[in-house]
Amino acid sequence: MTIPASPPTADQPDSTGSERQVLEAFLDFHRQVLVSKVDGISENEARHRRVPSKTTLAGLIKHMIGVERGWFQEVLAGRKPEDIGPNVGGGDESWDLAENETVSSLIKEYEQTCEQSRQTAARFALDDAMPEPDMGQVSLRWVYVHMIEETARHVGHADILREQTDGAAGIDGDSAVTTWLHRIVVNAALANPNMPGAT
C-alpha cells in the first residue's frame, strides 16, 4: 500500500468567514484533495481503467482542467475557446490522455489553471452575472457553487479509484483497512465502555 506523500495542507474550510471566503475555501480545499489522490502512484496506475467508463485518476485531473477553463475563462471571463487553449469545458475528449501527459505535468497544469481561475474570479463580485448559453446568465456565486459540487463529486470518484489502486482512502490517505479497524474499535467501545482502551 502506498500512502499519498502530500495530503492536502488546507485547513478545514472557513466556518466563520464571509460568504465569498467560505465558497473559495471549500473550492480550494477540494482542489487540493483531488491533487492528493494522484500523488504517490505510478504512471500506469494513474492511467489504469478500473471502471467501464473512461474515468481514471489521471483523467480526472485532465477533465477538471477543462472544467476550470470552461467556467472561469470561457463563461466568466468571456474568452473564446481558441484563445484559452486546449481542453476547454471538460467534454468527453477531456478524459483522453496523450502519450506525453504525465501525473506531474497534469498536476502542474491543473494547479496553474486553478490559479488562473482565482485571478479571474477576483475581478468579479458574487452577484456579477455573465451570459451562459444553456441558462441565459450565471453569477459568480453560481459558478463557485457549481465548481464546489463538480470538484467534490470527482474527488469522490478519485477516492474510490485510489482505494482500488493501493488501499489509500480518505482525505489524509489512511488505508481503508485502518479506517475500518478504527471504526470497529470505536463502535465496540461505545457499546461496552468497560472494555480495555475504551477511555
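Because the structure is a prediction, the values reported are computed rather than measured.
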Shortest non-hydrogen contact from [X] to [Y]?
X      : Y      : answer
Leu34  : Ala158 : CD1-CB, 4.0 Å
His63  : Ser94  : ND1-OG, 2.9 Å
Asp166 : Ala168 : OD1-N, 3.0 Å
Thr120 : Ala77  : CG2-CB, 3.8 Å
Leu23  : Ile148 : O-CD1, 3.5 Å

- Of all pairs that satisfy salt bridge (charged side-chain N to carboxylate O under 4.0 Å, His left out), the ones with a partner from residues 83-96, not counting sequence neighbours: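 Qualifying pairs, neighbours excluded: Lys54-Asp92, Lys54-Asp96.
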
- Assess whether salt bridge (Lys or Arg N to Asp or Glu O under 4.0 Å) is satisfied between Asp159 and Arg162, documenting all intermediate values. CA-CA 5 Å; Asp159 198 28; Arg162 182 61 188 262; over 6 Å; no

Rounded distance [0.5 Å steps], [atom1] in [X] versus [atom2] in [Y]:
X      : Y      : atom1 : atom2 : value
Glu24  : Glu19  : CD    : CD    : 10.5 Å
Ser139 : Phe124 : OG    : CZ    : 12.0 Å
His146 : Glu150 : NE2   : CD    : 4.5 Å
Ser42  : His48  : OG    : NE2   : 10.5 Å
Leu60  : Leu106 : CG    : CG    : 11.0 Å
Ile107 : Ile65  : CD1   : CD1   : 9.5 Å

Under a 3.5 Å distance rule, please check whether [X] uses its side chain to pair with a backbone N or O of [Y] as donor and acceptor.
X      : Y      : result
Ser105 : Glu101 : no
Asn87  : Lys62  : yes
Arg153 : His157 : no

- Under a single-linkage definition using a 4.5 Å side-chain heavy-atom cutoff for Ile, Leu, Val, Met, Phe, Trp and Tyr, are Ile61 and Ile160 assigned to the same hydrophobic cluster?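 In one cluster with Ile61: Ile160, no.
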
- Hey, what else clusters with Ile84 if you join Ile, Leu, Val, Met, Phe, Trp, Tyr whenever side-chain heavy atoms sit under 4.5 Å?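 Val88, which link up through side-chain heavy atoms under 4.5 Å apart, make up the rest of the cluster.
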
If you define the side chain from C-beta out and look only at heavy atoms, does anything of [X] sit under 4.5 Å from [Y]?
X      : Y      : value
Lys37  : His154 : no
Leu57  : Glu45  : no
Arg31  : Glu111 : no
Arg20  : Leu140 : yes
Arg141 : Asp127 : yes
Asp28  : Arg118 : yes
Trp71  : Glu132 : yes
Leu126 : Tyr144 : yes

- Query: Pairs in or reaching into residues 99-122: which pass ring pair (Phe, Tyr, Trp, His ring centres under 6.0 Å), with residues at least two apart or in two chains?
  - Reply: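 Ring pair (Phe, Tyr, Trp, His ring centres under 6.0 Å) check on residues 99-122 returns no pairs.
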
- Item | Residue pair Glu109, Arg69: steps toward the salt bridge (Lys or Arg N to Asp or Glu O under 4.0 Å) verdict | CA-CA 11 Å; Glu109 187 176 359; Arg69 287 175 176 162; 2.9 Å; yes

- Query: In terms of side-chain heavy atoms, does Ser117 have a donor or acceptor partner in Glu68 at a distance below 3.5 Å?
  - Reply: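 A pair is found: one side chain offers a donor N or O, the other an acceptor, under 3.5 Å apart.
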
- Item | Flag for Glu115-Gln119: side-chain donor and acceptor within less than 3.5 Å |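 Their side chains do contain a donor-acceptor pair, which is all the 3.5 Å distance test asks for.
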
